[in-house]
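Along the sequence shown, the residues carry numbers beginning at 1. Side chains included, hydrogens not; waters and symmetry mates left out as well; all remaining heavy atoms used.
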Amino acid sequence: MEKEARIGCRSTYPTFFRPLKKALQGYDGHAVLLEIAEENHYRLQEHALTFNGKSLYTVGAESYRKGIGISDFTWNHTTLWALKADKKWTYLQNFFSLDHVQKQIGLIKEQFGDEVLIHIEWLRDRGSLVPAGLPLVKYESKERLYEIIEFFNEIGASVNDPHTYLLGAGGWDLQLESIANKKKENDPYNLLNQEKMPTQDAIKQMVN
């Protein structure tokens with residue numbers, strides 16, 4: 001995978017990153033964590049200035065992976081740092097629409113405020129740029145969590161539910177039929193992962 005922008009977040013996120021506390025002290029803005037070719041660092045700094053941004057913490061190539069690295073605060077590491085700070089946080093897995101990502105984020109923030117913190121990992125999938133979400137959710141109850149998931153799905157920011165072992169409820173509905181066929185081929189006596197897969201009739205209802 002190509003190097004990519006790692007994370008977009010509001011000011012709450014950097015407060016979770018204890019090893020970066022000194023570097024981020026007094027900073028109260030959004031944070032973007034990047035891994036780039038070292039020769040592009042100056043160009044990136046110039047580009048950031050056009051958006052009133054600045055470089056707060058840099059690890060040179062000669063020192064990278066000799067201590068803590070930028071990627072140690074990305075993907076689900078972000079969730080783990082939040083949990084170290086406050087056990088009430090949980091997370092979701094979702095995909096935003098590239099064409100509507102700003103509108104979707106605006107709707108989420110308008111609806112939930114700081115109850116949901118936006119965390120995006122930009123990646124490439126078959127040549128296309130994809131804003132993949134790992135938002136943090138302040139857990140109140142199972143009912144409230146699924147209200148939030150329902151809202152995400154309603155605005156097209158589809159959620160792969162990480163809070164269930166059921167494949168049909170975890171965002172795999174479009175692949176269920178092929179998964180079920182492959183399972184039948186490799187596990188003809190249905191000995192493995194029993195009750196994890198929905199029935200064939202249920203699968204047909206999901207995909208139709």
Side-chain angles (χ1 to χ4, degrees), residues 1-8 33-35 65 69-84 87 89-101 103-105 107-108 112 116-137 139-208:
M1 183 184 293
E2 297 179 14
K3 298 298 183 186
E4 73 277 349
R6 292 290 188 170
I7 182 172
L33 276 63
L34 299 163
E35 288 185 350
R65 287 301 171 201
I70 297 297
S71 60
D72 292 311
F73 303 96
T74 63
W75 298 98
N76 258 334
H77 292 291
T78 308
T79 308
L80 295 175
W81 285 112
L83 285 170
K84 285 181 180 181
K87 297 291 186 183
W89 289 108
T90 187
Y91 79 111
L92 299 177
Q93 301 170 350
N94 81 287
F95 290 100
F96 292 101
S97 163
L98 181 60
D99 295 330
H100 305 292
V101 57
K103 180 180 179 180
Q104 289 170 328
I105 289 173
L107 290 170
I108 291 166
F112 301 111
V116 177
L117 302 182
I118 300 300
H119 166 186
I120 297 176
E121 305 282 354
W122 295 92
L123 51 89
R124 288 187 182 276
D125 181 25
R126 289 167 286 189
S128 298
L129 191 62
V130 178
L134 287 167
L136 286 175
V137 177
Y139 186 83
E140 292 183 9
S141 66
K142 181 178 179 179
E143 291 73 22
R144 181 59 171 170
L145 178 64
Y146 280 93
E147 285 178 12
I148 294 171
I149 290 174
E150 184 177 0
F151 185 86
F152 269 68
N153 288 328
E154 285 177 351
I155 65 170
S158 59
V159 173
N160 293 339
D161 183 3
H163 302 281
T164 179
Y165 64 90
L166 297 172
L167 287 179
W172 294 93
D173 50 310
L174 296 180
Q175 295 87 21
L176 275 177
E177 196 164 12
S178 61
I179 292 173
N181 290 334
K182 184 59 68 174
K183 176 172 169 42
K184 188 175 181 180
E185 177 184 333
N186 292 311
D187 182 23
Y189 298 105
N190 194 32
L191 300 176
L192 306 176
N193 293 315
Q194 296 181 26
E195 305 301 326
K196 185 175 182 179
M197 288 287 296
T199 65
Q200 288 291 339
D201 289 340
I203 291 173
K204 289 177 181 178
Q205 289 179 358
M206 290 177 186
V207 300
N208 292 331

Item to check | Beyond-backbone contact of V116 with L136, side-chain heavy atoms, under 4.5 angstrom | outcome: no
Next on the checklist: To the closest 0.5 Å, what do you measure between OG1 (T74) and CG (L134)?
Outcome noted: 9.5 Å
Next on the checklist: Working to the nearest 0.5 angstrom, can you tell me the gap between F151 CZ and L107 CG?
Outcome noted: 5.5 Å
Checklist entry - Which value, rounded to the nearest 0.5 Å, describes the distance between L145 atom CG and E150 atom CD? => result 12.0 Å
Next on the checklist: In terms of relative ring orientation, are F73 and W81 parallel, tilted or perpendicular, with 30° and 60° separating the classes?
Outcome noted: parallel
Checklist outcome for this item: The reported gap from CG in N94 to CD1 in I120 (rounded to nearest 0.5 angstrom) is 8.0 Å
Next on the checklist: Restricting to non-hydrogen atoms, name the atom on F112 and the atom on R144 that form the minimum distance, rounded to 0.1 Å.
Outcome noted: CD2-NH2, 3.5 Å
Next on the checklist: What's the separation between atom CD in E147 and atom NZ in K142, rounded to the nearest 0.5 Å?
Outcome noted: 13.0 Å
Next on the checklist: Is any side-chain heavy atom of P131 closer than 4.5 Å to one of L98?
Outcome noted: yes
Item to check | Contact check, side chains of S97 and Q104, non-hydrogen atoms, under 4.5 Å | outcome: yes
Next on the checklist: Given 3.5 Å as the limit, does a donor-acceptor pair link the side chain of D72 with the main chain of G69, or not?
Outcome noted: yes
Item to check | I70 side chain reached by L34 side chain, heavy atoms, under 4.5 Å | outcome: no
Checklist entry - Would a distance-only check, ignoring hydrogens and angles, find a side-chain to backbone donor-acceptor pair under 3.5 Å from H163 to Y146? => result no
Item to check | Steps toward side-chain contact (heavy atoms from CB on, under 4.5 Å) verdict (S71, H77) | outcome: CA-CA 8 Å; S71 60; H77 292 291; 6.0 Å; no
Checklist entry - Can you tell me how far CG of L192 sits from NZ of K183, rounded to the nearest 0.5 angstrom? => result 5.5 Å
Next on the checklist: For V130, run the side-chain contact (heavy atoms from CB on, under 4.5 Å) check against F96, F95, W122 and tell me which one passes.
Outcome noted: F95
Checklist entry - Tell me, do F152 and S158 make a side-chain contact under 4.5 Å, heavy atoms counted? => result no
Item to check | Side chains of N76 and T79, donor plus acceptor under 3.5 Å | outcome: yes
